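Numbers restart at 1 for each chain; the letters A, B, ... are given by sequence-line order, proteins then strands. Computed from a predicted structure; not experimentally measured.
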Number of protein chains: 2
Amino acid sequence: MIQNLTEHDREHLQEALGKSGQKVTPQREAVFTVLLAERDHPTVDEVFQRAREVMPGVSLATVYNCLETFVGCGLVRQVNHERESTRYCPNLAPHAHFRDKETGRVHDIELPPEVIKSLRSILPPGFDSEVIEISFHGRAQAKDSPAN
Amino acid sequence: MIQNLTEHDREHLQEALGKSGQKVTPQREAVFTVLLAERDHPTVDEVFQRAREVMPGVSLATVYNCLETFVGCGLVRQVNHERESTRYCPNLAPHAHFRDKETGRVHDIELPPEVIKSLRSILPPGFDSEVIEISFHGRAQAKDSPAN
DNA sequence: GTGAGATTTTGAATCATTCTAAGTACCAAC
DNA sequence: GTTGGTACTTAGAATGATTCAAAATCTCAC
């Protein structure tokens with residue numbers, strides 16, 4: 001069952017939206033409620049299904065809009081950041097990727113073994129990871145692609 | 001300009017394909033050549049455009065097939081691993097994600113500040129990152145979602 | 001209450017990717 | 001050298017997530 005927002009959460013929503021000049025609407029409340037109710041990293045479609053339980057008339061487009069708005073004002077995070085076309089690289093050495101916001105270019109960043117180790121060490125017992133994907137997003141002033 | 005494969009690269013291709021009972025074909029050679037020629041993490045469509053310069057008749061479907069084959073036999077790596085629907089989470093504390101291969105579930109993994117620091121430290125000078133995305137892929141025997 | 005601007009809705013459009021069915025190439029056995 | 005099998009490629013249709021466009025609705029300041 002999806003509970004109503006607590007006073008505190010409602011204020012949080014209000015404040016975050018307000019800061020960027022946007023309003024609290026029933027739809028936004030519904031979507032936010034859904035996100036807080038079950039923190040299982042739902043897809044848009046899952047959010048949509050659940051939101052309809054609370055507000056039967058909401059549309060899928062609105063759910064997309066709300067989520068975009070929330071991401072924009074820092075209320076929620078996108079897990080598959082900037083879903084774009086899949087990219088391929090023939091560099092098989094362990095490395096991270098850095099996507100330059102400005103150019104869209106992706107650079108390889110060498111990944112020293114001790115960093116990999118420290119990453120693995122944060123996994124709780126019972127979690128066994130074969131693949132670690134790391135990607136940075138930001139700006140690079142570098143002239144040329146580094147390590148490749 | 002896209003050069004032909006070196007002897008060495010051709011052998012590499014041959015061996016990797018052979019291991020999984022697959023053949024070297026002109027199309028696969030062309031696609032592999034393209035991948036090695038410019039290591040800029042191209043999208044499928046970019047690979048397709050470039051492959052056509054080398055082999056005008058090649059089809060998009062074949063490029064998809066070749067890339068899938070290469071990933072399967074470990075010749076290349078996919079940058080946007082498992083492109084799926086975008087997911088959302090309201091956990092704003094810095095954390096990594098762990099996707100369980102079996103269930104498809106995504107778990108939050110707490111990210112200690114020192115690990116973040118060590119990650120930032122691998123960026124070459126001139127690279128300034130605002131967002132770091134980390135995702136593990138593997139198996140979890142845990143009963144329940146941990147830190148959330 | 002009116003009007004401007006923001007928000008929502010529906011349905012169409014787009015884009016990456018996958019699927020399907022038919023065609024082609026190659027190799028082995030005869 | 002023909003036959004058959006298997007892997008591979010092709011074109012185009014189908015799918016699925018997401019975005020867009022235009023009309024309808026809401027909200028708030030006045």
Any non-hydrogen side-chain atom of [X] less than 4.5 Å from a side-chain atom of [Y]?
X      : Y      : result
B/H97  : B/D108 : yes
A/I132 : A/L111 : no
A/R50  : A/T33  : no

Euclidean distance, atom [atom1] of residue [X] to atom [atom2] of [N] [Å, nearest integer]:
X     : N      : atom1 : atom2 : result
A/Y64 : C/dT10 : OH    : P     : 16 Å
A/Q49 : D/dA17 : CD    : P     : 11 Å
A/E68 : C/dA6  : CD    : P     : 15 Å
B/E29 : C/dA25 : CD    : P     : 17 Å
A/R52 : C/dT8  : CZ    : P     : 17 Å
B/L17 : C/dC26 : CG    : C1'   : 16 Å

Exercise for the section: Indicate the ring-plane relationship of A/F32 and A/F70, choosing parallel, tilted or perpendicular according to the 30° and 60° boundaries. Expected result: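 Because their plane-to-plane angle is over 60°, the rings of A/F32 and A/F70 count as perpendicular.
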Practice task
Specify whether A/F98 and B/F127 have parallel, tilted or perpendicular ring planes, treating 30° as the upper limit for parallel and 60° as the lower limit for perpendicular.
Solution key: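 Rings of A/F98 and B/F127: perpendicular, as their planes differ by over 60°.
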Atom pairs and distances, side-chain donor-acceptor, residues 23-31 of chain B, under 3.5 Å, sequence neighbours left out:
from: B/T25; atom 1: OG1; to: B/R28; atom 2: N; distance (Å): 3.1
from: B/R28; atom 1: NH1; to: B/K23; atom 2: O; distance (Å): 2.7
from: B/E29; atom 1: OE1; to: B/R10; atom 2: NH1; distance (Å): 2.9
from: B/E29; atom 1: OE2; to: B/R10; atom 2: NH1; distance (Å): 2.8

Any N/O pairs under 3.5 Å between the protein and nucleotides 4-13 of chain D? List them or say none.
from: D/dC8; atom 1: OP1; to: B/K23; atom 2: N; distance (Å): 3.1
from: D/dC8; atom 1: OP1; to: B/R28; atom 2: NH1; distance (Å): 2.8
from: D/dT9; atom 1: OP1; to: B/T25; atom 2: OG1; distance (Å): 2.5
from: D/dT9; atom 1: OP1; to: B/Q27; atom 2: OE1; distance (Å): 3.2
from: D/dT9; atom 1: O3'; to: B/Q27; atom 2: NE2; distance (Å): 3.0
from: D/dT10; atom 1: OP1; to: B/G57; atom 2: O; distance (Å): 3.4
from: D/dT10; atom 1: OP2; to: B/S59; atom 2: N; distance (Å): 3.2
from: D/dT10; atom 1: OP2; to: B/S59; atom 2: OG; distance (Å): 3.4
from: D/dT10; atom 1: OP2; to: B/T62; atom 2: OG1; distance (Å): 2.3

